[in-house]
Engineer: 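Right, I'll just put the structure down here and ask away after.
Within every chain, numbering begins at 1; the chains are lettered A, B, ... in the order of the sequence lines, protein sequences first and strands thereafter. Below, all heavy atoms of this structure are taken into account, side chains as well, without hydrogens, waters or symmetry copies.
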There are 2 protein chains.
Amino acid sequence: MPNRAVVPITVEGLKTACSQCNLQELCLPYGMSEGDINQLDALVGARRKVKRHQHLYRAGDTFESIYAVRTGSFKTDVLLEDGREQVTGFQMSGEIIGLDGISTDAHSCNAVALEDSEVCVIPFANLEEISREIGSLQHQFHKVMSREIVRDHGVMMLLGSMRAEERLAAFLINMSQRFTARGFSAAEFHLRMTREEIGSYLGLKLETVSRAFSRFQENELITVQQKHIRIRDIDGLKALLSHLPNV
Amino acid sequence: MPNRAVVPITVEGLKTACSQCNLQELCLPYGMSEGDINQLDALVGARRKVKRHQHLYRAGDTFESIYAVRTGSFKTDVLLEDGREQVTGFQMSGEIIGLDGISTDAHSCNAVALEDSEVCVIPFANLEEISREIGSLQHQFHKVMSREIVRDHGVMMLLGSMRAEERLAAFLINMSQRFTARGFSAAEFHLRMTREEIGSYLGLKLETVSRAFSRFQENELITVQQKHIRIRDIDGLKALLSHLPNV
DNA sequence: CGGCTACTTGATCCACTTCAAAGTACGTGG
DNA sequence: CCACGTACTTTGAAGTGGATCAAGTAGCCG
């Protein structure tokens with residue numbers, strides 16, 4: 001596990017490294033003083049590489065740090081005793097993982113890399129300490145947590161009130177937006193997760209996900225080749241979301 | 001709207017008033033100094049009464065404060081353009097409402113009183129300022145937010161992976177635990193929400209909720225009389241959660 | 001090339017929804 | 001205090017979206 005100390009931190013380096021990070025809004029742009037930069041130095045403890053299919057943490061692990069995804073992507077899931085899995089989210093670069101652990105000082109879900117990935121380890125005690133001194137960091141962190149709560153409400157809406165094709169359309173639109181925000185194509189991207197993982201996230205079986213993809217392709221909304229997706233008619237997809245179930 | 005200033009704050013009074021509050025863990029027990037108490041004075045801005053079926057806030061409202069439920073209970077929900085409603089949670093005394101607003105400085109859901117209720121208004125700017133000075137308050141607040149995220153994951157599990165009777169059993173067990181934590185009977189309680197609201201929360205139609213209640217009654221797990229519930233076999237309910245769907 | 005994992009597609013089934021009709025509690029005004 | 005209206009709940013019967021079961025296919029990697 002390469003320790004942070006190994007990689008000398010420079011302001012330039014940070015700006016590059018963290019340019020897509022969810023925490024950037026408070027770390028960098030707001031004219032941090034030299035002293036602030038030194039504190040930031042204390043904030044990010046280390047980087048950690050996680051290979052595909054490896055756990056970043058498991059349910060039950062002691063909580064010490066939250067993580068910012070630098071490269072790659074993750075899924076978080078909850079397991080029931082009988083083996084049922086619920087994927088609670090997919091995380092891409094710049095997104096924060098691990099907030100579930102603050103509540104009880106132990107993680108309540110699993111975080112697994114979908115591809116070879118790297119995270120910034122942010123010891124939570126450090127974050128709390130520094131955010132007591134830098135108000136903008138404190139506020140930004142609160143926004144990150146709140147955003148997670150709002151996102152979760154959206155997933156509840158999806159799981160509780162939408163039909164299969166609406167759920168998949170919402171998922172594709174969301175992925176497209178997140179790729180766009182990272183400077184990738186809005187129309188063409190590569191999904192890192194399996195049909196089963198998408199299904200688990202959307203509360204559907206993998207066959208249903210597959211059939212919905214096929215239906216979208218028939219209707220010329222998208223082109224599917226395994227995990228490679230090309231969106232041909234984003235408005236058509238969005239239209240699926242604004243219709244009543246039986247109209 | 002009675003302002004806080006109207007009700008003189010005393011340490012005794014606070015201990016009584018906040019004895020069931022989620023924020024109590026940091027406000028009260030940790031031997032706050034006289035100075036801390038004065039700061040607390042600045043934290044809780046006012047109390048606000050909300051009548052049954054009235055909104056505490058609506059989606060789109062500017063975010064300024066979070067709320068601690070003093071008496072009564074609330075639901076929070078998200079509405080789709082076509083009228084579909086997803087209830088995202090039910091809140092009882094001591095629980096915090098409004099965390100969704102931090103993210104964008106505007107609320108993203110509606111909060112509606114299920115009965116005549118009263119909340120403590122906590123201006124969020126105050127909370128951030130004071131929590132920069134009192135570390136235990138800061139940490140407690142982070143725990144409250146994290147707990148909300150963990151709870152949301154549980155609801156996703158419920159909506160995405162459980163069948164109707166499992167969902168209702170999980171709901172009843174959860175309600176029972178929360179009533180117990182408030183000093184009420186674990187076995188007998190009055191639901192403040194309608195079958196339709198329970199159904200919306202659980203991703204089911206009201207008829208399905210009603211049928212599941214009836215089935216539980218047939219199986220002597222509970223007694224139902226409209227909104228009055230008596231749990232006769234809590235272990236039987238719990239057993240419903242640990243079984244495979246087809247076993 | 002062989003073996004594996006992931007994906008697609010068809011046929012059948014069933015849990016939950018939808019539609020419909022009563023029944024019950026409750027508040028209000030006469 | 002009763003009559004009536006309203007909102008909520010229960011229950012039945014029929015319909016359907018997605019699950020399940022079952023092949024078969026495509027891509028990947030050692």
Engineer: Measure from CD1 on B:I198 to C1' on D:dT10 and round the result to the nearest Å.
Structural biologist: 14 Å
Engineer: Specify the separation, in whole Å, of atom CD of B:Q217 and atom P of D:dT10.
Structural biologist: 9 Å
Engineer: Taking NE2 from B:H190 and P from D:dC8, how many angstroms apart are they, rounded to a whole number?
Structural biologist: 13 Å
Engineer: Salt bridge or not for A:E95 and A:R147, using N-O below 4.0 Å?
Structural biologist: no
Engineer: Consider only side-chain N and O atoms of A:N219 and A:R215, and report whether a donor and an acceptor are under 3.5 Å apart.
Structural biologist: no
Engineer: Taking all non-hydrogen atoms of both residues, which atom of B:I102 and which atom of A:K143 are closest, and how far apart?
Structural biologist: O-CG, 3.6 Å
Engineer: How close or far is atom P of D:dC8 from atom CZ of B:R192, stated in whole angstroms?
Structural biologist: 15 Å
Engineer: For B:R230, does the CZ atom have more than 12 heavy-atom neighbours from other residues, nucleotides or ligands under 6.0 Å away?
Structural biologist: yes
Engineer: In this structure, how many angstroms lie between the P atom of D:dG17 and the CZ atom of A:R167, rounded?
Structural biologist: 14 Å
Engineer: Would the number of heavy atoms belonging to other residues, nucleotides or ligands and lying under 6.0 Å from CD of B:E115 be above 12?
Structural biologist: yes
Engineer: Between the two end axes of the helix from C:dC1-D:dG30 to C:dG30-D:dC1, each built from 5 base pairs, what angle do you get to the nearest 10°?
Structural biologist: 40°
Engineer: Measuring centre to centre across the rings, with the benzene-like ring taken for any Trp, is A:F189 within less than 6.0 Å of A:F184?
Structural biologist: no
Engineer: Any donor-acceptor pair under 3.5 Å linking the side chain of A:R195 with the backbone of A:Q226?
Structural biologist: yes
Engineer: Between A:H228 and A:E188, does any side-chain donor sit less than 3.5 Å from a side-chain acceptor?
Structural biologist: yes
Engineer: At under 4.0 Å between heavy atoms, which parts of nucleotides 7-13 of chain C does protein reach? Answer with one letter per nucleotide, 5' to 3': B base, S sugar-phosphate only, - none.
Structural biologist: SBBBB--
Engineer: What is the distance, rounded to the nearest whole Å, between atom CZ of B:R215 and atom P of C:dC16?
Structural biologist: 9 Å
Engineer: Mind checking A:G203 for me? I need base, sugar-phosphate or nothing, with any heavy atom below 4.0 Å counting as a touch.
Structural biologist: sugar-phosphate
Engineer: Considering only nitrogen or oxygen atoms on both sides, find all protein atoms under 3.5 Å from nucleotides 23-25 of chain D and state each distance.
Structural biologist:
none

Engineer: Taking CD in B:E165 as the centre, count heavy atoms belonging to other residues, nucleotides or ligands within less than 6.0 Å. Is the count above 12?
Structural biologist: yes
Engineer: Would you kindly give the CG-to-P distance between B:L202 and C:dC16, to the nearest whole Å?
Structural biologist: 12 Å
Engineer: Please find the pair of heavy atoms, one from B:V209 and one from B:L168, that lie closest to each other, and give the distance.
Structural biologist: O-CD2, 4.1 Å
Engineer: Let me know the distance between CZ of B:R163 and P of D:dG17, rounded to the nearest Å.
Structural biologist: 19 Å
Engineer: Measure the acute angle between the ring planes of A:H107 and A:Y57, then classify it against the limits of 30° and 60° as parallel, tilted or perpendicular.
Structural biologist: parallel
